[in-house]
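Heads up: the structure comes next, in structure tokens.
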Amino acid sequence: MPWRSTCIQESRPRFHAFFPVCFVVVSIFLGGNVYAQQPVMRIYLPNTADEDWSFLSEHSSRSDFWDPLKYISLGREGRYLTLSGEARYRVEGFHLKGVDGTSTRDNYLLQRYLFGADLHLGTRFRLFTEFQSGIINGQLRSARPTDQNIADFHQAFLEWRQPINGKGVFGVKVGRQELSIGSSRLISASPGLNVKRSFDGALLYFRKDTWRISGTFAKLNSVNPGAFDDRVDSKQTFWGLGVSRKSPRFQKGELGLYYLGVDRANAEYEQGEGRDLRHTLGLKWTGTGTRLDLNYDMILQWGLFEGSAVRAWALSTETGYRFVDARGKPRIWFRCDIASGDRDPGDPRLQSFNPLFPGNSYSGLVGLLGPTNLTDFDPAVTFILRKNVSLTLEAPSYWRTSSADGVYAPDLRLLLHADVGQGKYVGTNPGAVGVWQVMRHIQFQGAITRFISGAFLEDTNTAGGFGFYSATMMYRF
């Protein structure tokens, strides 16, 4: 791939795999219950800090091997400690046979470990901390800062909550934390990465009935490869406000309006590098019914790039329909994303969309490309092969929205300049993703895709396309 560095990363610090495997096997025997038999209240959420295990204060509710660690009483009512953990192992591989006869083959193992402690001091105060370790072993020709972080605190915040009239709650979180405000397309911890994203700052929220209001001011937590060397990124400041309510006409979901702001001291676009002050106004609508589901975002942006005006926009949609009475309960869904690109690099005014802090699968489940200057259409179908096994087949295609702008990565890097090729069609990458939830604690996931290069890449070394695969095992408690 022409945008991959020629610098090869050799062996990194290793954890022996024998102990985690034994740990998982023992837990299967002691945990006992299979995934399909778990009570609905026992849910592991993407952000461990959002989980509530207070129901385990009743000993009659305990049935799992880990339950004694999910509620450790500290004597007085409402005072307890919850412990949590995650071990994830992911093998990834990339193979490119260039048109010049050269061959690039990367194979590497990604390891991520999370350990959290949630201390509740009554109904109003809690202290949450979460330790993270991300490690890579093997060869990877393009260094990614999210691949390795030997040891550091991913989250460490103090929360205060004040109930209001028995129906609402006002709260404040201060410290290092994952943020979820506005749209998850724009603000995400990006759990697919080996090292998850977090921020240092404050979050204020108010919840009442079906309404939620939240506001934040924070700075990105920069990821460094060593141990306990992460620092606040003084070059990136983020703030925002979101208002949402329960989605109309759907059993689950929400309808919301949000404003997000970011000030980056050094952003890179086709036009060049410089300070990017960006304001984002968005409208989102998510909903899930028995058959129909949707996830829509309409986004407008304005601001300044190196002192000149910014005007950008994006539209993101995902619409699905599940045939609940058919064998395999297939869900057919279509995703379409359109994000603006710069119309003229010689004009100091900028139209390139800034996706802020997105997830790594903004477009397509594998997430090879970022949303800036990207138009994509992704038809897909998901089958439920068994209650705990699913298979998704997809074939996303990508075009440059503006032929004067380049192609970007999910982490906002400029991958390819506009002048490397002709036309807007970048390519298509059909692929398959399978998920097996063995039990509540254990999940296996596999993905394989083949990128078929389009006209824009026909004069590059990737004209013949490339292949990518991943295999993941994750254990949580």
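Hydrogens, waters and symmetry mates are skipped; everything else that's a heavy atom, side chains included, is used.
The side chain to side chain donor-acceptor pair (under 3.5 Å) test with Thr472 singles out one residue from Arg90, Gln445, Glu92, Gln443, and that residue is Arg90. For the salt bridge (Lys or Arg N to Asp or Glu O under 4.0 Å) criterion with Asp293, the lone passing option out of Arg322, Arg335, Arg331 is Arg331.
Annotation: cation-pi geometry not satisfied between Arg212 and Phe206 (NZ/CZ under 6.0 angstrom from ring centroid, within 45° of ring axis).
Donor-acceptor pairing under 3.5 Å is lacking for the side chains of Asn194 and Thr146. A donor-acceptor contact under 3.5 angstrom links the side chains of Tyr296 and Thr319, judged on distance only. A side-chain donor-acceptor contact under 3.5 Å links Glu51 and Trp53. Using modelled atom types, one finds no donor on one side chain facing an acceptor on the other under 3.5 Å when comparing Trp211 with Ser244. Between the side chains of Asp276 and Asn354, a donor-acceptor pair is found at a separation under 3.5 Å. Checking His154 against Asp152 by side-chain atom types alone, no donor-acceptor pair falls below 3.5 Å. Side-chain N/O atoms of Ser352 and Asp405 include a donor and acceptor closer than 3.5 Å. Side chains of Thr401 and Thr375: a donor-acceptor N/O pair is present below 3.5 angstrom, by distance only. There is no side-chain donor-acceptor pair under 3.5 Å between Ser190 and Ser188. Under 3.5 Å, the side chains of Ser183 and Asp297 contain a donor-acceptor pair of N or O atoms. Using a 3.5 Å distance cut-off with no hydrogens or angles, the side chains of Arg311 and Gln351 do not pair a donor with an acceptor. Checking Arg185 against Asn295 by side-chain atom types alone, a donor-acceptor pair falls below 3.5 Å.
For Phe451, the ring pair (Phe, Tyr, Trp, His ring centres under 6.0 Å) partners two or more places apart in sequence, or in a different chain, are Phe466.
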### Message
Working note: Asn221 + Arg197, criterion side-chain hydrogen bond (donor to acceptor under 3.5 Å, both in side chains); need CA distance, chi angles, decisive distance, verdict.
### Response
CA-CA 7 Å; Asn221 173 38; Arg197 179 187 293 130; over 6 Å; no
### Message
Please evaluate residues Phe477 and His441 with respect to the criterion ring-ring contact (aromatic ring centres under 6.0 Å, His included), reporting the C-alpha separation (whole Å), side-chain torsions for both, the decisive distance (0.1 Å), and the verdict.
### Response
CA-CA 6 Å; Phe477 72 87; His441 301 290; 7.9 Å; no
### Message
Would Phe357 and Phe238 count as a ring-ring contact (aromatic ring centres under 6.0 Å, His included) here? Give the steps.
### Response
CA-CA 10 Å; Phe357 305 98; Phe238 166 69; 5.8 Å; yes
### Message
Show, in sequence, the C-alpha distance, side-chain angles and deciding distance for Gln177 and Asp200, and conclude whether the side-chain hydrogen bond (donor to acceptor under 3.5 Å, both in side chains) test is met.
### Response
CA-CA 6 Å; Gln177 57 193 290; Asp200 284 21; over 6 Å; no
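Ring pair Tyr425/Phe456: centre-to-centre distance not below 6.0 Å. In this structure, the ring of Phe131 has its center no less than 6.0 angstrom from the ring center of Tyr113. For Phe305 and Tyr269, the distance between ring centers is under 6.0 angstrom.
Surrounding CZ of Arg476 are more than 12 heavy atoms belonging to other residues, nucleotides or ligands, all under 6.0 Å away. In Arg275, the CZ atom is not crowded: 12 or fewer heavy atoms of neighbouring residues, nucleotides or ligands sit closer than 6.0 Å. No more than 12 heavy atoms of other residues, nucleotides or ligands lie within 6.0 Å of CG in Asn165, so this atom counts as exposed by the packing criterion.
The existence of a salt bridge linking Asp233 and Lys219 is excluded, since no basic side-chain nitrogen approaches an acidic carboxylate oxygen closer than 4.0 Å. Using a 4.0 Å cut-off between a side-chain N of Lys or Arg and a carboxylate O of Asp or Glu, Glu273 and Arg264 do not qualify as a salt bridge. In this structure, Arg112 pairs ionically with Glu86, as a charged nitrogen and a carboxylate oxygen lie closer than 4.0 Å. Comment: Glu254 engages Lys284 in a salt bridge, judged by a side-chain N to carboxylate O separation of less than 4.0 angstrom.
One finds the CG atom of Leu83 at 7.5 Å from the NZ atom of Lys70 (value rounded to the nearest 0.5 Å).
A 4.5 Å side-chain heavy-atom check between Leu356 and Thr280 finds at least one atom pair inside the cut-off.
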